[in-house]
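Please read the structure below before turning to the comments.
Numbering of residues begins at 1 and proceeds along the displayed sequence. These values consider heavy atoms only, across backbone and side chains, with no hydrogens, waters or symmetry-generated copies.
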Amino acid sequence: MDLSKKFQETMDVMELGVAELARLSKRSKNNISEIRLGKTNTSIHTFGELLEVAEQARPGFVNRFCQEVSGNVLFSSDSLDQIISELSQEQKSMLLMSLAVNLDAKDATPAKNKRF
């Protein structure tokens with residue numbers, strides 16, 4: 001598995017640029033680029049430090065990186081909020097209608113009939 005590629009993908013998704021990570025980690029842009037592109041062997045310790053810095057800069061970075069590595073990339077509530085906010089009013093209406101149609105009948109039961 002290519003951890004550098006997963007790190008690069010996570011940086012892209014989380015919009016963390018090479019220059020920003022270099023500044024925050026006190027490393028050169030060239031060093032971050034080489035790590036990101038897998039052009040240099042990086043110790044686990046160094047990689048861990050970069051993950052910590054990235055997490056501080058972009059909360060959720062480590063979680064997203066782990067999802068990338070495991071192949072279980074899920075939408076976070078923040079990414080769903082962003083996706084929804086970018087929809088037009090018509091698209092939002094269609095989304096709501098689709099959700100309503102697809103609700104399971106048992107989920108539509110009035111609250112007074114539900115047992116907790």
Side-chain angles (χ1 to χ4, degrees):
M1 172 178 302
D2 188 354
L3 292 180
S4 297
K5 183 163 179 53
K6 299 299 181 185
F7 189 72
Q8 178 180 10
E9 290 170 4
T10 305
M11 284 181 67
D12 292 343
V13 168
M14 300 297 287
E15 298 179 357
L16 180 59
V18 169
E20 184 179 2
L21 185 57
R23 179 178 53 78
L24 294 171
S25 65
K26 297 179 175 60
R27 294 179 173 276
S28 70
K29 287 189 266 186
N30 188 46
N31 180 247
I32 297 298
S33 290
E34 287 179 349
I35 291 169
R36 181 180 146 113
L37 297 173
K39 292 184 176 183
T40 185
N41 289 328
T42 306
S43 72
I44 295 296
H45 179 75
T46 299
F47 202 72
E49 287 177 349
L50 289 176
L51 285 171
E52 286 178 23
V53 170
E55 179 68 23
Q56 290 173 355
R58 299 291 189 282
F61 188 96
V62 171
N63 185 42
R64 179 61 188 225
F65 175 75
C66 290
Q67 289 176 0
E68 290 283 351
V69 169
S70 69
N72 292 318
V73 177
L74 305 172
F75 287 112
S76 69
S77 61
D78 289 342
S79 64
L80 286 175
D81 287 344
Q82 182 177 354
I83 291 168
I84 291 169
S85 72
E86 294 172 359
L87 296 174
S88 69
Q89 284 302 111
E90 182 180 352
Q91 290 170 320
K92 288 176 186 175
S93 295
M94 289 172 54
L95 175 61
L96 283 173
M97 289 177 63
S98 178
L99 287 171
V101 167
N102 287 294
L103 279 176
D104 204 17
K106 66 181 178 185
D107 291 336
T109 309
K112 66 180 183 180
N113 293 335
K114 288 189 177 182
R115 294 184 181 226
F116 296 96

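Gln91 contributes a side-chain N or O that, together with a main-chain N or O of Ser88, makes up a donor-acceptor pair within less than 3.5 Å. With hydrogens and angles disregarded, a donor-acceptor distance shorter than 3.5 Å links the side chain of Arg58 to the backbone of Met14. Under a 3.5 Å cut-off, the side chain of Glu55 and the backbone N or O of Phe61 do form a donor-acceptor pair. For the pair Thr46 (side chain) and Thr42 (backbone), a donor-acceptor distance under 3.5 Å is absent.
Of all non-hydrogen atoms in Arg27 and Glu49, the two that sit nearest each other are NH2-OE1, 3.6 Å.
Hydrophobic clustering places Leu16 together with Phe47 (ILVMFWY residues linked when any side-chain heavy atoms are closer than 4.5 Å, directly or through intermediates).
Here the CG-CZ distance, from Leu3 to Phe65, works out to 5.0 Å after rounding to the nearest 0.5 Å. Remark: Lys5 NZ to Arg36 CZ distance equals 10.0 Å, nearest 0.5 Å. Taken from NZ in Lys29 to CG in Leu21, the straight-line distance is 12.5 Å, to the nearest 0.5 Å. Within the model, atoms CG of Leu51 and SG of Cys66 stand 7.5 Å from one another, a figure rounded to the nearest 0.5 Å. Atom CG of Asn63 and atom CD of Glu68 lie 11.0 Å apart (nearest 0.5 Å). Distance check, rounded to the nearest 0.5 Å: OG of Ser4 to CD of Glu34 gives 11.0 Å.
In this structure the side chain of Leu24 never reaches within 4.5 angstrom of the side chain of Gln56, judged on heavy atoms. Contact annotation: the side chain of Lys6 never approaches that of Asp2 to less than 4.5 Å [non-hydrogen atoms, C-beta and beyond]. Looking only at side-chain heavy atoms (C-beta outward), Ile32 and Leu50 come within less than 4.5 Å of each other.
The number of heavy-atom neighbours closer than 6.0 Å to CD1 of Ile44, taken from other residues, nucleotides and ligands shown, is 12 or below.
Sorted by first and then second residue, the ring-ring contact (aromatic ring centres under 6.0 Å, His included) pairs involving residues 17-40 (not counting sequence neighbours) form an empty list.
Between Asp12 and Arg64 there is no salt bridge, since no side-chain N of the basic residue sits under 4.0 Å from a carboxylate O of the acidic one.
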